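In what follows, a structure is listed as structure tokens, so that the remarks can point back to it.
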Amino acid sequence: MKRTVLITGASRGIGRETAKIFAASGYNVVVNYLESEEQALDLIFKLQKKNHNAIAIKADVSKDIQVQAMIDEAIGKFGKIDVLVNNAGIDLYKQIQDTTYEDFCKVMKINVGGVFNCCRSVVPHMIKEKNGLIINISSIWGEQGASCEVVYSASKSAVIGFSKALKKELEPSNISVEYISPGFVKTRMTKRFIGQEISEELGEIVTPSTIAREVFSCSLKKF
Ligand code: NAP
């Protein structure tokens, strides 16, 4: 039986490249998206043209009912989910005094709540299989903090704490939990910074496919 990966926020950017690399390695691929339907369907069309098994499922990761329905649909189609990549996320570039509590809640609900919702729905299936891998996408700002990105940085730090704790909790069930903390990646999220001087902490600007390879290498260590 082929392995299956579900990638959240795979219509664009890092998630899209991650979907391509898993598909090329023979995985069944579930492409989650929310607003970019055209791009998600275009990706599915391109993957299927290469004879890869891929489906797109629309779901807002911050909504637990939608996430549960997405996981049920993916398992109904492919039988199991071996790898979950929690990639969907949004940024927020504002000084603290301009940030509303609604801004704060929105970022936390998607960046942290989304990771929680997906793990909560997938883990019972992975426990049943006695196998699985969860890869959470944090950020260098979750490690170091960024000026004018306090809430985003906090959400990504939460992803790191969440991942470390879940790793311990799921180790006895043979389920691995990893996280990665990319620096500056050239995607729509970072569009506003292109051409500006980039902080030295970030190192060089990389492409989404570089991060996709890093994500995929976690699966090679596991399987
Ligand atoms: P991106 O190009 O803006 O793509 C974001 C993806 O997340 C899109 O596919 C979007 O889907 C999806 N998404 C957003 N909200 C969603 C929701 N509520 N439910 C489901 N999907 C949702 O961003 P990216 O740069 O590839 O970022 C991917 C991840 O890497 C994020 O978690 C980000 O924080 C992290 N990261 C990025 C960088 C960077 O420099 N770019 C650095 C470190 C970490 P739709 O368009 O279909 O709505």
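In what follows, every heavy atom counts, from backbone to side chain, and hydrogens, waters and symmetry copies are set aside. Computed from a prediction, not measured in an experiment: that's the story for all the values here. First listed ligand is number 1; within each ligand, the first listed atom is number 1.
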Should Asp103 and Lys94 be marked as a salt bridge (Lys or Arg N to Asp or Glu O under 4.0 Å) after you check the CA-CA gap, both sets of side-chain angles, and the distance that decides it? CA-CA 10 Å; Asp103 290 332; Lys94 277 186 180 179; 2.8 Å; yes

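- Summarising the contacts of atom 26 (O) of ligand 1 with Thr18, Ile14, Val61, the nearest heavy atom is found in Ile14.
- With a heavy-atom cut-off of 4.0 Å, Lys156 touches ligand 1 through its side chain alone.
- For Thr190, every heavy-atom contact with ligand 1 shorter than 4.0 Å involves the side chain, none the backbone.
- Residue Ser62 places no N or O, backbone or side chain, under 3.5 Å from any N or O of ligand 1.
- Proximity annotation for atom 38 (C) of ligand 1: of Ala59, Pro208, Gly183, Gly183 comes nearest, heavy atoms only.
- Which of Ile211, Val107, Thr187, Val85 comes nearest to atom 41 (N) of ligand 1 through a heavy atom is settled by distance: it is Thr187.
- Classification of Lys167 and Glu178 as a salt-bridged pair holds, one side-chain N sitting under 4.0 Å from a carboxylate O.
- Checking side-chain atoms of Ser25 against main-chain N and O of Ile21 turns up a donor-acceptor pair under 3.5 Å.
- Heavy atoms of Ser138 found under 4.0 angstrom from ligand 1 belong exclusively to the backbone.
- For the pairing with Arg16, the side-chain hydrogen bond (donor to acceptor under 3.5 Å, both in side chains) check across Asp42, Thr187, Asn87 returns one residue only, Asp42.
- Between the side chains of Gln68 and Asp72, a donor-acceptor pair is found at a separation under 3.5 Å.
- Contacts with ligand 1 closer than 4.0 Å are made by heavy atoms of both the backbone and the side chain of Asn87.
- With hydrogens left out, the protein atom closest to atom 13 (N) of ligand 1 is Ala88 CB, 3.9 Å, a heavy atom.
- Between the side chains of Lys186 and Thr207, no donor-acceptor pair of N or O atoms lies under 3.5 Å.
- If you number the atoms of ligand 1 from 1 as listed, the ones under 4.0 Å from a heavy atom of Arg188 come out as 2 (O).
- A donor atom on one side chain and an acceptor atom on the other are found under 3.5 Å apart for Asn86 and Asn136.
- A donor atom on one side chain and an acceptor atom on the other are not found under 3.5 Å apart for Thr8 and Asn32.
- Under 4.0 angstrom from ligand 1, there are no non-hydrogen atoms of Ser181.
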